[in-house]
Amino acid sequence: MASASAAQEDSYLPFSQRPGWEDLQPIPQADAPNALVPIAYTEHYRDAMDTFRALVAKGEKSPRAIEVTEQLIRMNPGHYSIWAYRAETLLATNADLSKELDLMDELVKEHIKSYQVWQHRRTIVTSLQSSTRELPFTTRALSFDSKNYHTWAYRQWVLCHFFSSQTTPAPLSERKATSSAEEDGDEKKRKSVWQEELEYTRELLEKDVRNNSAWNHRFFVVFESGEGGGEEKEVVEREIRYTKTLLSLAPNNPSAWNYLRGILSHSHLPLSSLTPFVTPLALNTPASMPADEPPVSDKAELPAVGAVEWLADAGAEEAEKEGTEGGREKGVEAAALFRSLIQFDPIRTNYWQFRADEVLQKVGIAV
Amino acid sequence: MAQNGATEKEQELLVRQTVMYLYRSAKFLPSPYVAEDSSRMSLAYFCLSALALLPSEAVSSIDPSLAGVDVMLKPEQRKGYVDWVYRLQAPGGGFMGSDSLAGTERGDEEERSLPTPIPLDDKEAADFARLMAFPDSDDEDPPHGEGSALPSASTAESTYCPPNLIQSYTALLILGILNDDFTRLNRAGLLRFVARCQMDDGSFAQFPGCPEPGDPRSTYSAFAMSSILDDWTAVDVDRALHFLETCQRPEGGFATRPFAEPQGGFTYCSIACYHLSSRLASFPNSARHLRWLVDRQVRPPPRSADDVSDEESDDEEQSEQGEPKDMAGFQGRSGKDTDACYSFWMTAALRLLRPDLSLLQPELDQRWLLECQHKMYGGIAREPGALPDVYHTYLSLAALSLSVTPSPSSAPIASASPSISLPLRPLDPAWNVSLDIAERMRTALAALPKLELDG
């Protein structure tokens, strides 16, 4: 057979010739004669798939299935069926699931962008009903790739699934039941997890103040999780102060400006409530920063686009409120600010012009 | 490596190389694509939809009005491809992404060795009935060791190669591109399949019982198929849009799930859903999303020393002497580098919200995308110097098509650079296929007998 000579060539021993596998008749892929996009499978992949098909056809859930699916997911981490069969086999054979997590710890390094690697981990962790490894694990993964989308989504799932008291993205019936005796301890643990989560975003932003994933996560922790006290006045003030401090050090940071906008929108505050802080950054007058605001760093590059846009938007907000009667002056001012952005941010020339025209139209000035 | 050359001349779309690259890919993909083995339908769609945007002139003198796909595929090849797509139609409706699990459904040795089209025999019908009766699982599997809701070995086979929403959507478009008459399409089954994918929270799982939670991609696939079939009975639009609303983020844009970071692909899918269901009038936070989309056009990062020639040093790229080529692509998220695929996700999303792309700078994006071409092999990569792949090639061509095609309701785009010639067919930004194919599909599907709705 061709497979025998191929095996000699690269010393690959097909599964069917290995001890303990002889009884399995491999099933080749039944591709149509005119298949689209046939893939040049490697000998290893083809053989493992042929063997896998034989196991699936038999419905065999065995240590052999665990072995061959591991080979396969190392070559192709994106195949839903292989993961599904592996998960079922692990559960059916009462396999040691913590060993499976060890394997996932290893595989995620190479396959961090595969949806299925993360879903499988979720399946295993849910079955184990244990979250102890998960936050440290994602922290490690994020230390390699601090903006990885899947890792962040997974971390948020862990937090919601195991540590949330209010938001219930997972159906209640699937969440861990706690007896009343446990509750006090659990409650403490839960609160400290969210506290640590806030601290974690602070650490990440200290390393990279433009990490948008970390800013997004901070918003989730403080304002959306139901665990960050986001409705309370002092929390809102604390977050505004924190963001202002980071902006006064590095004002050209769209993520921080967006975070600040998010807070105000969440708290139904107008943009103009931060005008005293924003104005010196927008007009390049750092010395005029009020004494009760964080001082502007010497290294800050001014004027900051985010600050000018803020002032323009604040003006547009007010002009719109006052309408065609009282808003004309503010509208003209806002339009001038929008147009001034063209020289600092030429890629968005047409957008800034559009925003200028829009605000003028709203106050009844023809453009 | 062969660099230079292209940077000195005015850029051009390498039509001939790109047509050949896509044709080669449709016939055969190299081994790195193993990681996409279960999504071959989508890979095929990228190849064929791209060939439907490209003109035939560069490869054939038959008739310049034909698209690349019209002249490259021989009639028997076309027919064979259509048969392949229908082989992947699940017995109860919907399409699988590949036949990598074909042959495992039946225990029978003889049948296994015969790669014939899937018959709708009693056994298949029974399998299907079981699949349909199988309760939708939620996000997670039941606890270890307890009575598992997973199918037992005897009923499991059909659940290992389930049809899938995204693959079904791309299958429909492939059939349209190949000029199929859709008489073999199980429309009622497809709609039933779509309906069964919708979850309580309004999202769509990729197939009933899929452990992965649904995201805007599967919602988009369900909506696009409803639009293509002109039949919205399978989806609860209000609940579906409610799910998308929960995926909006405070900075603008949409995320994979509530609370996650907004990203270009999910944002396109979400906006397209509002467009496809004619609900743009109630699109929430429109100004915020518009700002987010426009903010994503950025300059590419300076290329590393490995990627540029000796004469063309890093300093030169950034500094006053030897002005670098003025270009700007799109990032998928705030603070990330440009990636060619986001040129499509962002410009198409914007195009669905507004009549044209006049808020962007399409010519800066054109220069960036042309720079991502592989000068020798053809094809377009995620960034200059990287290896091309069919995904980035298609989405880049789709973005380029949008950038030169005025929408019916607006004047031609004034800012498009007249020095760059882009002979691409116009694209339907919501179905994501060339406009002429979309039109032909509408006609073919409308010619089918009306669906009889059974109880």
Side-chain angles (χ1 to χ4, degrees), chain A residues 27 29-42 45 49 53 56-57 59 61 75-81 84-85 87-88 91 94 97 115 119 122-123 126-129 147 149 152-153 156 170-171 174 210 212-213 216 219-220 224 254-255 258 262 265-266 347-348 350-351 354, chain B residues 25-26 28-31 33-38 40 43-44 47 77 80-81 83-84 87 99-104 107 112 115 138-141 143-145 148 150 153-154 156-157 160-161 211-212 249-251 256-257 259-261 263 294-295 297-298 328 333-336 358-359 361 364:
Chain A
I27 302 178
Q29 176 158 318
D31 230 339
N34 261 308
L36 270 160
V37 290
I39 296 171
Y41 299 128
T42 60
Y45 181 72
M49 273 309 278
R53 277 186 283 269
V56 174
K61 309 263 169 72
M75 293 182 273
N76 175 6
H79 202 308
Y80 162 78
S81 315
Y85 201 78
E88 287 169 21
L91 298 180
N94 284 312
L97 295 184
Y115 281 84
Q119 179 52 44
R122 209 181 295 207
T123 303
T126 310
S127 297
L128 276 172
Q129 285 295 0
K147 298 178 182 178
Y149 202 80
W152 278 110
Q156 293 191 339
E174 288 183 278
R210 292 181 176 80
N212 198 58
S213 307
N216 180 76
F219 198 87
F220 158 69
E224 298 176 312
S255 301
N258 282 337
S265 165
H266 176 85
I347 289 182
R348 270 157 286 283
N350 301 336
Y351 176 69
F354 160 78
Chain B
S25 300
F28 201 66
L29 289 171
S31 50
Y33 284 94
V34 158
E36 310 289 329
D37 193 21
S38 55
R40 277 170 56 203
L43 299 177
C47 296
Q77 198 173 11
Y81 287 167
D83 289 344
W84 179 75
R87 258 172 64 100
D99 33 19
S100 67
L101 266 287
T104 62
R112 197 186 290 157
D138 281 298
D139 287 2
E140 294 83 30
D141 292 322
H144 187 203
S148 166
L150 297 166
S154 60
E157 289 83 19
Y160 294 118
C161 41
E212 224 175 273
R249 302 304 295 142
E251 67 178 270
T256 176
R257 299 285 299 171
F259 316 134
E261 191 181 357
Q263 188 262 11
V294 170
D295 268 347
Q297 189 169 20
V298 292
R333 296 182 261 156
S334 182
K336 298 279 284 182
S358 62
L359 296 187
Q361 303 241 20
L364 296 185

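Note that the coordinates shown come from a computational prediction; the quantities given were computed from them, not determined experimentally. The basis for the numbers below is simple: all heavy atoms, side chains too, and nothing from hydrogens, waters or symmetry mates.
- Residues A:Q119 and B:P211 come closest through the heavy atom pair NE2-O, 3.4 Å.
- Taking both residues in full, the closest heavy atoms of A:R348 and B:Q297 are given as NH1-O, 2.8 Å, listed atom of the first, atom of the second, then distance.
- Of the inter-residue distances, the one linking B:R333 atom CZ with A:Y149 atom OH reads 7.0 Å to the nearest 0.5 angstrom.
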Q.
Apply side-chain contact (heavy atoms from CB on, under 4.5 Å) to residues A:Y351 and B:L359 and explain how you reach the verdict.
A. CA-CA 5 Å; A:Y351 176 69; B:L359 296 187; 4.2 Å; yes
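- For B:A26, the side chain to side chain contact (heavy atoms under 4.5 Å, CB included) partners at least two apart in sequence or on another chain are A:L36, B:C47.
- When all heavy atoms of B:G335 and A:K147 are compared, the pair lying nearest together is O-NZ, 3.3 Å.
- Closest approach of B:R40 and A:Q29 over heavy atoms only: NH1-NE2, 3.2 Å.
- Taken from CD in B:E261 to CG in A:N212, the straight-line distance is 4.5 Å, to the nearest 0.5 Å.
- Heavy-atom distances place the side chain of B:R249, and not its backbone, under 4.5 Å from chain A.
- Proximity to chain A (any heavy atom under 4.5 Å) is shown, for B:T256, by both the backbone and the side chain.
- In this structure, no portion of B:D83 lies under 4.5 Å from any heavy atom of chain A.
- Of the atoms belonging to A:S213, heavy atoms from both backbone and side chain fall under 4.5 Å from chain B.
- In terms of heavy atoms, B:S100 sits closest to A:M49 at O-CE, 3.7 Å.
- Checking side-chain atoms of A:Q156 against main-chain N and O of B:F259 turns up a donor-acceptor pair under 3.5 Å.
- Here the closest heavy-atom approach between residue A:T42 and residue B:S31 is recorded as CG2-CB, 4.1 Å.
- Separation of atoms OH (A:Y115) and CD (B:E212) is listed at 7.5 Å; rounding is to 0.5 Å.
- Partners of B:V34 according to the side chain to side chain contact (heavy atoms under 4.5 Å, CB included) rule, which considers only residues two or more places apart in sequence or in another chain, are A:I39, A:Y41, A:Y45, A:N76.
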